[in-house]
Chemist: 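Structure below; questions to follow.
Start at 1 with the first residue, then count along the sequence.
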Amino acid sequence: AGKKALQIAVDAFKTFEKRFGAYPYRELDVIETPTKAGGIEYPGLIVVGRRLYSDQKEQDFIEFATAHEVAHQWWYAVVGNDQVNAPWVDEALAQYSTLIFYQDTRGAGADAFILRNVFQGQYQHAKNQGQDAAVNQPVSAFSEGNYSAIVYGKGPLFFDAIRKRMGDESFFKFLRTYYERYRHKNAFPDDVLKTAEEACACSLQAEYQQWILNPK
């Protein structure tokens with residue numbers, strides 16, 4: 001399982017360097033720990049929950065969790081943000097980056113499965129429970145029950161919506177520009193929108209309003 005996690009990290013690393021830009025550090029460590037979380041990111045280091053290594057039922061999730069934490073090396077460790085007041089800026093983008101990893105390594109069917117069953121499914125469940133909310137809120141504004149569904153489910157649907165609107169060429173130009181422009185700085189929600197609109201020379205206000213600002 002340790003070898004599997006390392007190979008996932010290597011594959012994700014290659015995808016994200018190609019799509020977003022060069023990794024700026026000399027080393028990236030992947031460590032098994034007894035955390036209750038699936039994984040946790042740190043600059044140059046990610047930890048993956050021990051239960052994902054040993055539980056056969058978690059073997060699919062270890063791939064998703066590891067790739068997600070590797071994505072944080074770009075969105076968090078290099079491009080920083082206010083994780084308390086705007087957690088979606090890194091978390092939603094790391095989630096969508098994980099879909100890109102599946103698309104590049106497994107093909108269109110795999111990323112469609114992630115979009116439908118992870119992002120849309122998680123968000124729809126929250127909506128069915130009457131727990132829809134705006135994405136652009138501080139951590140304290142969410143309930144324990146809807147934080148994950150809104151930030152990790154609804155949030156990446158914004159990036160999917162603007163990708164469809166912009167087209168792949170402009171979308172990946174946006175991500176590369178965003179990475180280069182805000183490397184070793186803190187980016188804020190308006191910076192995400194501004195950089196995306198510059199890349200496509202179009203207005204993305206409707207998508208931003210629908211997925212990020214609207215409470216439902």
Side-chain angles (χ1 to χ4, degrees), residues 8 12 15 36-41 48-49 51-52 55 57-72 75-76 81 83-168 171 174-175 189 192-193 196 203-216:
I8 294 164
T15 293
K36 291 183 179 180
I40 304 173
E41 72 277 6
V48 180
R51 63 185 171 81
L52 304 189
D55 189 340
K57 296 179 181 178
E58 300 284 9
Q59 290 308 292
D60 288 336
F61 187 51
I62 192 173
E63 184 170 25
F64 189 94
T66 303
H68 172 96
E69 303 308 339
V70 173
H72 273 302
W75 321 125
Y76 154 80
N81 63 290
Q83 295 181 294
V84 173
N85 291 304
W88 74 271
V89 171
D90 72 302
E91 291 294 357
L93 186 48
Q95 280 286 84
Y96 196 74
S97 297
T98 308
L99 179 145
I100 294 169
F101 159 75
Y102 276 88
Q103 182 180 46
D104 283 8
T105 57
R106 299 283 192 86
D111 72 276
F113 178 87
I114 297 299
L115 182 66
R116 181 177 64 252
N117 293 281
V118 180
F119 304 159
Q120 294 172 343
Q122 190 176 22
Y123 174 48
Q124 187 61 49
H125 179 73
K127 288 179 68 176
N128 293 344
Q129 299 296 314
Q131 294 185 332
D132 200 353
V135 172
N136 190 30
Q137 298 188 89
V139 174
S140 60
F142 295 97
S143 68
E144 197 166 326
N146 76 347
Y147 175 78
S148 179
I150 302 305
V151 174
Y152 292 79
K154 186 178 181 180
L157 293 176
F158 163 70
F159 290 102
D160 191 64
I162 66 170
R163 181 180 180 181
K164 288 182 170 68
R165 172 76 191 285
M166 300 166 72
D168 277 8
F171 181 75
F174 148 57
L175 293 180
V192 177
L193 180 61
S203 173
L204 299 170
Q205 294 291 329
E207 290 81 3
Y208 192 71
Q209 185 69 39
Q210 178 183 356
W211 293 107
I212 301 300
L213 301 181
N214 277 1
K216 59 180 65 179

Chemist: Please identify each residue that fulfils side chain to side chain contact (heavy atoms under 4.5 Å, CB included) with Gln210, with sequence neighbours left out.
Modeler: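 Residues passing side chain to side chain contact (heavy atoms under 4.5 Å, CB included) with Gln210: none at all.
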
Chemist: For Glu91, give me all partners under side chain to side chain donor-acceptor pair (under 3.5 Å), at least two apart in sequence or on another chain.
Modeler: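 In terms of side chain to side chain donor-acceptor pair (under 3.5 Å), with neighbours along the sequence ignored, Glu91 is linked to His68, His72, Tyr152.
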
Chemist: Distance from Tyr96 atom OH to Asp160 atom CG, nearest 0.5 Å?
Modeler: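 Interatomic distance, Tyr96 OH to Asp160 CG, rounded to 0.5 Å: 4.0 Å.
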
Chemist: Can you list the steps and then say if Leu175 with Leu93 is a side chain to side chain contact (heavy atoms under 4.5 Å, CB included)?
Modeler: CA-CA 10 Å; Leu175 293 180; Leu93 186 48; 3.9 Å; yes

Chemist: Counting N and O atoms only, with roles assigned by atom type, does the side chain of Lys154 sit under 3.5 Å from a partner on the main chain of Asp132, one being a donor and the other an acceptor?
Modeler: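 Checked: no pair found.
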
Chemist: What are the two closest non-hydrogen atoms of Leu52 and Gly38, and how far apart are they?
Modeler: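 Smallest interatomic distance, heavy atoms only, reads CD1-O, 3.5 Å.
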
Chemist: Can you name the side chain to side chain donor-acceptor pair (under 3.5 Å) partners of Gln129, sequence neighbours left out?
Modeler: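 Applying side chain to side chain donor-acceptor pair (under 3.5 Å) to Gln129 gives none.
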
Chemist: Identify, with sequence neighbours excluded, every residue that meets side chain to side chain donor-acceptor pair (under 3.5 Å) alongside Gln137.
Modeler: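 Gln137 satisfies side chain to side chain donor-acceptor pair (under 3.5 Å) with no residue once adjacent residues are dropped.
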
Chemist: List the steps and the verdict of side chain to side chain contact (heavy atoms under 4.5 Å, CB included) for Ile8 and Phe101.
Modeler: CA-CA 10 Å; Ile8 294 164; Phe101 159 75; 4.2 Å; yes

Chemist: Minimum heavy-atom separation for Asn81 to Ala86, with atom names?
Modeler: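 Residues Asn81 and Ala86, closest heavy atoms: ND2-O, 3.4 Å.
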
Chemist: Of all the heavy-atom pairs spanning Leu204 and Met166, show the shortest one and how long it is.
Modeler: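 Closest approach of Leu204 to Met166: CD1-SD, 4.1 Å.
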
Chemist: Which residues satisfy the salt bridge (charged side-chain N to carboxylate O under 4.0 Å, His left out) test with Glu207, sequence neighbours excluded?
Modeler: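 Partners of Glu207 by the salt bridge (charged side-chain N to carboxylate O under 4.0 Å, His left out) criterion, ordered by chain and then number, come out as Arg165.
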
Chemist: Considering residues at least two apart in sequence or located in another chain, which fulfil the side chain to side chain contact (heavy atoms under 4.5 Å, CB included) criterion with Ile40?
Modeler: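 For Ile40, the residues satisfying side chain to side chain contact (heavy atoms under 4.5 Å, CB included) (neighbours in sequence not counted) are Thr35, Ala37, Tyr42, Val47.
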
Chemist: For the CZ atom of Arg51 and the CD1 atom of Ile62, what is their distance to the nearest 0.5 Å?
Modeler: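 If I round to the nearest 0.5 Å, the distance is 10.5 Å.
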
Chemist: Filter on salt bridge (charged side-chain N to carboxylate O under 4.0 Å, His left out), then keep only pairs touching residues 100-124, sequence neighbours left out; what's left?
Modeler: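 Pairs touching residues 100-124 that pass the test: Lys18-Asp104, Arg19-Asp104, Glu63-Arg106.
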
Chemist: Taking only residues two or more places apart in sequence or in another chain, which ones pass side chain to side chain donor-acceptor pair (under 3.5 Å) with Glu144?
Modeler: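 With sequence neighbours excluded, Glu144 shows a side chain to side chain donor-acceptor pair (under 3.5 Å) to no residue whatsoever.
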
Chemist: Where do Ser97 and Trp75 come nearest, in terms of heavy atoms and distance?
Modeler: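 Taking every non-hydrogen atom into account, OG-NE1, 2.9 Å.
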
Chemist: Which pairs, with at least one residue in residues 106-144 and sequence neighbours excluded, count as a ring-ring contact (aromatic ring centres under 6.0 Å, His included)?
Modeler: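 Residue pairs passing ring-ring contact (aromatic ring centres under 6.0 Å, His included), neighbours aside: Phe142-Tyr147.
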
Chemist: Could you tell me which residues satisfy salt bridge (charged side-chain N to carboxylate O under 4.0 Å, His left out) with Lys127, sequence neighbours excluded, listed by chain and number?
Modeler: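 Expected list: none.
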
Chemist: Please round to the nearest 0.5 Å and tell me the distance separating atom CZ of Phe158 and atom CZ of Arg163.
Modeler: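 So the CZ of Phe158 and the CZ of Arg163 are separated by 14.0 Å.
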
Chemist: Identify, with sequence neighbours excluded, every residue that meets ring pair (Phe, Tyr, Trp, His ring centres under 6.0 Å) alongside Phe159.
Modeler: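 Once residues adjacent in sequence are excluded, Phe159 has no partner under the ring pair (Phe, Tyr, Trp, His ring centres under 6.0 Å) criterion.
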
Chemist: Quick one: closest heavy-atom pair of Phe171 and Ile100, and the distance?
Modeler: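 Closest pair (atom of Phe171, atom of Ile100, distance): CE2-CD1, 4.3 Å.
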
Chemist: Is there a side-chain contact between Asn136 and Tyr208 (heavy atoms, below 4.5 Å)?
Modeler: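 In short, these two side chains touch, coming nearer than 4.5 Å.
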
Chemist: How long is the gap from CG on Leu115 to CG on Leu99, to the nearest 0.5 Å?
Modeler: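 Going from CG on Leu115 over to CG on Leu99, the span is 6.0 Å.
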
Chemist: Return the set of residues passing side chain to side chain contact (heavy atoms under 4.5 Å, CB included) with Ala149 (not counting sequence neighbours), or none when no residue passes.
Modeler: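 Scan of Ala149 (side chain to side chain contact (heavy atoms under 4.5 Å, CB included), adjacent residues dropped) gives Gln122, Ala126.
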
Chemist: Please lay out, stage by stage, how Trp211 and Val135 fare under the test side chain to side chain contact (heavy atoms under 4.5 Å, CB included).
Modeler: CA-CA 7 Å; Trp211 293 107; Val135 172; 5.9 Å; no

Chemist: Would you please test Gln205 and Leu193 for side chain to side chain contact (heavy atoms under 4.5 Å, CB included) and show each step?
Modeler: CA-CA 8 Å; Gln205 294 291 329; Leu193 180 61; 3.5 Å; yes

Chemist: Could you pull out the closest heavy-atom pair between Ile150 and Ala134, with the gap in Å?
Modeler: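 Shortest heavy-atom contact: CG2-O, 3.7 Å.
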
